[in-house]
Amino acid sequence: MPRYTPATIEPKWQAYWDEHQTFRTPELPPAGQEKLYVLDMFPYPSGSGLHVGHPEGYTATDIVCRFARMNGKCVLHPMGFDAFGLPAEEHAIRTGEHPRTNTETNIKVFTRQLRMLGFSYDWSRDLATTDLEYFRWTQWIFLVLFDTWYDADQQKGRPISELPIPAEVRSQGEAAVRKYQDEHRLAYQSDALVNWCPELGTVLANEEVIDGKSERGSHPVVRLPLRQWMLRITAYADRLEKDLEGLDWSPGIKKLQSDWIGRSVGAEVDFFVGQSSPTLRVGQASPAKVEFGKSAETNNPEFDAWKAARAKSGFPKKPGEDVLRIYTTRPDTLFGATYMVIAPEHPFVARLTTPEQKTAVEAYVQAAASKSDRDRQDVNKKKTGVFTGSYAINPVNHEPVPVWVADYVLWGYGTGAIMAVPAHDERDFEFAQQFGLPVVAVVDPGDISEVEVYPKPSQVLSTQYSVPSTPENATPTTTHHSPLTTHASPRQSVLNGQACFVGEGVSINSNGYNGLVTSDFKRRITADLTTAGLGREAVNYKLRDWLFSRQRFWGEPFPILHELDAAGNPTGLIRAVDEQELPVDLPHLDDYKPAGAGPDGLPAPPLAKAPAEWLYPTIDGKKYRRETNTMPQWAGSCWYFLRFIDPKNNQRFVDPAKERAWMPIDLYVGGAEHAVLHLLYSRFWHKVLFDRGHVSKPEPFQKLVNQGMILGENGEKMSKARGNVVNPDDVVRDYGADSLRLFEMFMGPLEAVKPWSTAGVVGVRGFLDRVWRLIVDDKAEALKLNESVQNVAPTDEQNRTLHKTIKQVTSDIQRMEFNTAIARMMEFTNFFTKETVRPREVLDKFVLILSPFAPHIAEELWQLLGHKQTLAYEPWPTYDDALTKDAEIEIPVQILGKLRSKVVVPAGSDQASLIAAARSDARIAELLTGKEIVKTIVVPGKLVNFVVK
RNA sequence: GCCAGAGUGGCGGAAUGGCAGACGCGCUGGAUUCAAAAUCCAGUGCCCGCAAGGGCGUGUGGGUUCAAGUCCCUCCUCUGGUACCA
């Protein structure tokens, strides 16, 4: 009995496509043919195999590709593997087996599973980031980064040889020049704090540290600075943000990236602290209040001299030792700065600490250093901090302001120091309340509601606030604040310093600047500070430079050599491995366990255990030690889409002509979990390659779509622990690959999160069974056409159904609304199942529109309908719009907006005839008697609505 | 906290401001069958009603409109992201 048996027809067609190289893509799109580059985010080949979440995006892109081929496009649709990664390394540590062995096994499983689903990839372009011939070029790109500096004037990455060397550096000789260059490269070394667990002998990721202990084994973890490779992505922050504009990405993802980059515009301002250490002691600073901008003298000669000098010299690029430089987005609140805070890591901490405060400050800094970032950044905890004992002078009103150390100020952002304006910043307010620091309002919020102030009065009234005891010298002016009372208006509370308001308003308590609205004030004071040499406009980014090295084995080795002196000690000079020497392969190791501490007592990566012949090459008589860090997993995925264009090229990473022809990627589909990092890193590399002339487009991913996660049948995230993981192998075995593909698309919108449902798979399988029976005689002994399939012309109604279906499926695919496209095809099937005569030409066309979704059954039916070749390149069926229109349509008739009847009228009836038809309807006529019609709304083709009295 | 997205039958979900619930699952009834499976046909938001028909209905409360799931405001819930970025 020729029933629909996917288990036999699916492998049959996969073999056919393979044998005929149906989806082999030409090197270059032929002249006159439009190209389409459609890319899936390539998977990490985990040991657990493909997950039903993977085929969601893959099926969507496959439909787009198959549709595009049938519409005459030349399609590039490749697949590969992001194969470096921690799980393989952990497996290697446990078993002693080389991670490559395990990785290759997993890739085989993934490949089998992907092929089983009938995706139209050009498998000849298959690659893995762990292939020697692939990471050779990853290393090569790293060397491009290493060879590039960012010219801020031209806003462009340029060769390091073009970096202007200041005369004073040049005069210090060759070594100084090289160090100067190294400081300016996009790939540079820097000390970064790592989580080092001496017990485990390894460096841990932030997620692996809990409460200062290692997640595994609960061993103590210390934070220590380690020489790390960094990539200067911050140089490209502006371009990475601005270029988002031209991309066809969802606004949500663009915003996510933009927020991650976190550009803010404000001002840098220098607060004078004096030269000696520490200078402005309590009581020593008592400058007379003056109006900023007037050249009145204070009674602090040191300060006066500094200010005068600044007026002449202007604002220096680098702050001197005599000032604390702060960054603020609210220079208009300078007059409300009642204290300052510097980060515990700030280099001035020791200098600014008075002898009386020394013990407290040192203890605080020590405690902060031992805490993980995670613990420090817990916003729910109470603010902590300690007074240094020193004061700085507010440059605008010459008031002394106490300098505190607190970990709510981050060393990594801005200048690591802030002016605190508790009246207009929630964090500063909280801190001021905690330590009894004064709150001076400088922005009049005007008439506001209580939701705009912090804390909301209700919050204060419910929790009794107690003023903690503070060091006696902590409060230059003793103004303790009582909780908000119910009587005070929100505005009054702000003006009294009892609440904080972060919005914009009109300035007060700001001497000559009173009465300005926030935006004007910002502009004015920034300009005035610039003139006085006390500040300038500044831009800051939340984005940090990319920590690019890992102390792991299973990653790309850095193609970098550290020069050694005669005694075998590093000279501090580095050089790149020659391009012709690439790739630098991973060395043989006896085991993959962490290397523990190196000879210097610092954490050593596994590659430090490499044999000497690998580790210590000699070039031109000079001895070197190889870099032993490896690159992070992100590296390989930063450029794989370029290699797919020219995967076998052993001269270049990609041929320029091919790159120009295929880029950019027209559609990129993947999970939203990569919305920030992968896409940002990738775009960054691409821009560097663009600046250096290696690629032709500034952006790689023109259109991006994020598929939603597929949950388990119980609505929870799929996981082994929850026991709700669905294995595609099982689904294919029980229902077939076409059913799996169809169901993945039928579940709901591609971008939505949606639960798996076995019953749903059964449903779409039922649909395919019906399609099969529509064409195949399933009662016959042999495979033959259903008797209803005849070589006759379709009836008008059949034709209308066909053309409507083609029209809707076509537009649904173009909008990537696959779920409704499938619904339309189900309607088609339901209609034709009832037809006892089914014109062959109609079924031909239907099979073609079904084929992108369910390619195996479509090929099989296409063959049965008498066609000799694959349908993969058959022209997509066209529709005649005139044939999609019904002759008569049903129009709803409403009275006062409520549906009261329906009338059938000829399509295209004009307003007058619609009204006539509606009024002649018996029920409407009855309801209208005795009523006055105030207004009649007629939407031709849609409805009639009588508004009556 | 903040940002983004989402709340529609028993379930997954459809709906350029114009007939809410397409399509699928499930359920009910029927045909076929000795019987069952499979298949085919019909019905299926809730309430009242024998029916004709009526009322109510897209998280909550308000608003705009002849007309609101859709637009505006308030609040609630869920999901994801993020975490003191001055």
Side-chain angles (χ1 to χ4, degrees), chain A residues 3 250-253 255-256 259-260 262-264 266 326-330 333 337 340-341 373-374 376-381 383 406-410 412-421 424-428 430-431 454 502 540-544 672-673 675-676 706 708-709 711 715 717 742-743 746-749 751-764 766-767 769-770 773 778-779 808 817 819-827 829-830 833-834 890-902 923 934-939 941-948:
Chain A
R3 292 185 42 197
S250 74
I253 297 290
K255 187 166 186 306
L256 218 56
D259 286 351
W260 189 266
R263 181 188 150 98
S264 71
I326 61 100
Y327 172 72
T328 177
T329 53
R330 291 295 299 271
T333 60
M340 296 178 81
V341 181
D373 285 351
R374 204 152 272 223
R376 269 175 65 166
Q377 292 180 356
D378 182 5
V379 259
N380 297 319
K381 79 168 179 42
K383 296 242 178 317
D407 65 3
Y408 82 92
V409 169
L410 310 175
Y413 182 80
T415 58
I418 63 157
M419 64 168 188
V421 185
H424 305 292
D425 181 285
E426 288 182 14
R427 297 150 303 183
D428 297 344
E430 206 182 303
F431 191 85
Y454 173 87
V502 301
N540 256 299
Y541 301 93
K542 287 190 198 177
L543 183 70
R544 309 293 157 83
E673 67 273 19
V676 177
N706 289 113
M709 200 183 0
L711 306 173
K717 212 178 242 180
L742 215 46
F743 178 63
F746 188 60
M747 292 169 83
E751 306 197 52
V753 175
K754 36 206 182 279
W756 185 261
S757 153
T758 302
V761 188
V762 174
V764 292
F767 162 63
D769 280 323
R770 283 160 72 83
R773 286 193 298 269
D778 68 330
K779 302 216 170 54
Q808 291 173 338
E817 291 171 6
N819 53 334
T820 50
I822 294 166
R824 299 289 87 85
M825 291 189 286
M826 287 171 166
E827 285 176 321
T829 307
N830 292 343
T833 296
K834 290 184 195 116
E890 198 182 48
I891 295 289
V893 182
Q894 301 182 333
I895 293 176
L896 280 171
K898 283 190 187 272
L899 177 70
R900 291 303 167 185
S901 187
K902 293 174 185 180
R923 187 158 164 72
V934 186
K935 197 173 170 186
T936 306
I937 314 280
V938 184
V939 183
K942 286 288 183 190
L943 64 35
V944 177
N945 185 11
F946 295 106
V947 184
V948 300

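Everything numeric here is computed off the predicted structure, so don't read it as measured data. A note on names: the letters A, B, ... follow the listed sequences, proteins ahead of strands, and every chain is numbered from 1.
- The shortest side-chain heavy-atom distance between A:Tyr408 and A:Glu430 does not fall under the 4.5 Å cut-off.
- Rounded to a whole angstrom, the distance from the C1' atom of B:rG69 to that of B:rA6 is 13 Å.
- When each of B:rC84, B:rG12, B:rC25 is scored by its nearest atom to the side-chain atoms of A:Pro755, the top-ranked nucleotide is B:rG12.
- Across all strands, A:Ser264 comes closer than 4.0 Å only to sugar-phosphate atoms, never to a base (heavy-atom distances).
- The nucleotide B:rC56 finds its pairing partner in B:rG45, both defining distances of the Watson-Crick or G-U wobble pair being shorter than 3.5 Å.
- Contact of A:Lys383 with B:rC84 (side chain to base): a donor-acceptor pair of N or O atoms is detected under 3.5 Å.
- Base pairing analysis places B:rA31 opposite B:rU39; the two distances defining the Watson-Crick or G-U wobble pair are each below 3.5 Å.
- Base pairing analysis places B:rC2 opposite B:rG81; the two distances defining the Watson-Crick or G-U wobble pair are each below 3.5 Å.
- Across all strands, A:Ser757 comes closer than 4.0 Å to no nucleic acid atom at all (heavy-atom distances).
- Note on A:Pro749: only backbone sugar-phosphate atoms sit closer than 4.0 angstrom, heavy atoms only; bases stay farther off.
- As a whole-Å value, the separation of A:Phe767 CZ from B:rG12 C1' is 17 Å.
- Nearest heavy-atom pair, A:His424 versus A:Val502, reported as atom, atom and distance to 0.1 Å: O-CG1, 3.6 Å.
- Remark: P of B:rC23 and CE of A:Met826 are 11 Å apart, rounded to the nearest angstrom.
- For A:Asn706, no side-chain nitrogen or oxygen approaches OP1 or OP2 of B:rG5 to under 4.0 Å.
- Side-chain to base pairing of A:Lys902 with B:rC19: one donor and one acceptor N or O lie within less than 3.5 Å of each other.
- Rounded to a whole Å, the NZ atom of A:Lys542 is 8 Å from the C1' atom of B:rU82.
- Comparing B:rU8 with B:rG13, their C1' atoms are spaced 9 Å from each other, to the whole Å.
- Here A:Arg923 does not reach the OP1 or OP2 of B:rG53: none of its side-chain N or O atoms lies under 4.0 Å away.
- Distance NZ (A:Lys935) to C1' (B:rC66): 6 Å, rounded to an integer number of Å.
- At whole-Å resolution of the value, NZ in A:Lys779 and P in B:rU32 are 15 Å apart.
- Across the C1' atoms, B:rU28 and B:rA15 are found 27 Å apart, a figure rounded to whole Å.
- Phosphate contact (OP1/OP2 of B:rC56, side-chain N/O of A:Lys898, threshold under 4.0 Å): present.
- In this structure, A:Gln894 reaches the bases: a heavy-atom distance under 4.0 Å links it to at least one base atom across the strands shown.
- Using the Watson-Crick or G-U wobble rule with both distances under 3.5 Å, B:rA86 pairs with nothing in any strand shown.
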Derivation and outcome, side chain to side chain contact (heavy atoms under 4.5 Å, CB included), residues A:Val764 and A:Met826: CA-CA 9 Å; A:Val764 292; A:Met826 287 171 166; 4.1 Å; yes
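- Residue A:Ile937 is the one, among A:Ile937 and A:Trp260, whose nearest nucleotide of RNA chain B lies closer to the 5' end (criterion: closest heavy atom).
- Remark: A:Arg900 is not in phosphate contact with B:rG53, judged by side-chain N or O atoms under 4.0 Å from OP1 or OP2.
- When the P atom of B:rA86 is taken as reference, atom CG of A:Asn540 falls 8 Å away, rounded to whole Å.
- The separation between A:Phe746 atom CZ and B:rA22 atom C1' is 10 Å, rounded to whole Å.
- Distance noted for atom P between B:rG61 and B:rC75: 15 Å (whole Å).
- Within the nucleic acid shown, A:Val341 has no heavy atom closer than 4.0 Å to any nucleic acid atom.
- With B:rA86, B:rC3, B:rC23 as the candidates, the nucleotide lying closest to the side chain of A:Asp425 is B:rA86.
- Contact annotation: A:Asn819 reaches the phosphate of B:rA14 (side-chain N/O to OP1 or OP2, under 4.0 Å).
- Residue contacts shown for A:Glu751 are absent, as no nucleic acid heavy atom lies under 4.0 Å away.
- With a 4.5 Å cut-off on side-chain heavy atoms, A:Met419 and A:Thr333 count as touching.
- Taking atom C1' in both B:rG7 and B:rG21, the straight-line distance is 16 Å, to the nearest Å.
- Nucleotides B:rU58 and B:rA68 are separated by 11 Å at their C1' atoms, to the nearest Å.
- In the set B:rC3, B:rC19, B:rA22, the nucleotide with an atom closest to the side chain of A:Glu890 is B:rC19.
- Both A:Gly763 and A:Pro892 sit near RNA chain B, but only A:Pro892 has its closest nucleotide nearer the 5' end.
- Residue contacts shown for A:Arg824 include a base, since a base heavy atom lies under 4.0 Å away.
- Proximity of A:Tyr408 to the phosphate of B:rA86: no side-chain N or O atom is located under 4.0 Å from OP1 or OP2.
- Side-chain contact between A:Lys935 and A:Asn945 is absent, with no heavy-atom pair separated by less than 4.5 Å.
- For A:Leu256, taking side-chain heavy atoms from C-beta onward, the closest of the listed nucleotides B:rG81, B:rC40, B:rC41 is B:rG81.
- Rounded to whole Å, the P atom of B:rU32 lies 24 Å from the corresponding atom of B:rC25.
- For B:rC11, the paired nucleotide is B:rG24, the pair qualifying as Watson-Crick or G-U wobble because both relevant distances are below 3.5 Å.
- A:Lys754 has its NZ atom 17 Å from the P atom of B:rG5, to the nearest Å.
- Put simply, the side chain of A:Ile418 reaches to within 4.5 Å of the side chain of A:Asp428, judged on heavy atoms.
- Glycosidic conformation at B:rG53 (O4'-C1'-N9-C4 for purines, O4'-C1'-N1-C2 for pyrimidines): anti, more than 90° from 0.
- Distance from the side chain of A:Thr328 is smallest to B:rA86 among B:rA86, B:rC19, B:rC66.
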Give the C-alpha distance, both sets of side-chain angles, the deciding distance and a yes or no for side chain to side chain contact (heavy atoms under 4.5 Å, CB included) between A:Val944 and A:Ile937. CA-CA 6 Å; A:Val944 177; A:Ile937 314 280; over 6 Å; no
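- Taking atom P in both B:rA31 and B:rC47, the straight-line distance is 28 Å, to the nearest Å.
- Across all strands, A:Asn830 comes closer than 4.0 Å only to sugar-phosphate atoms, never to a base (heavy-atom distances).
- The heavy-atom pair separating A:Ala823 from A:Phe746 by the smallest distance is N-CE1, 4.2 Å.
- Here the closest non-hydrogen pair linking A:Trp260 and A:Lys542 is O-CB, 3.8 Å.
- With a cut-off of 3.5 Å on both pairing distances, B:rU16 has no Watson-Crick or G-U wobble partner at all.
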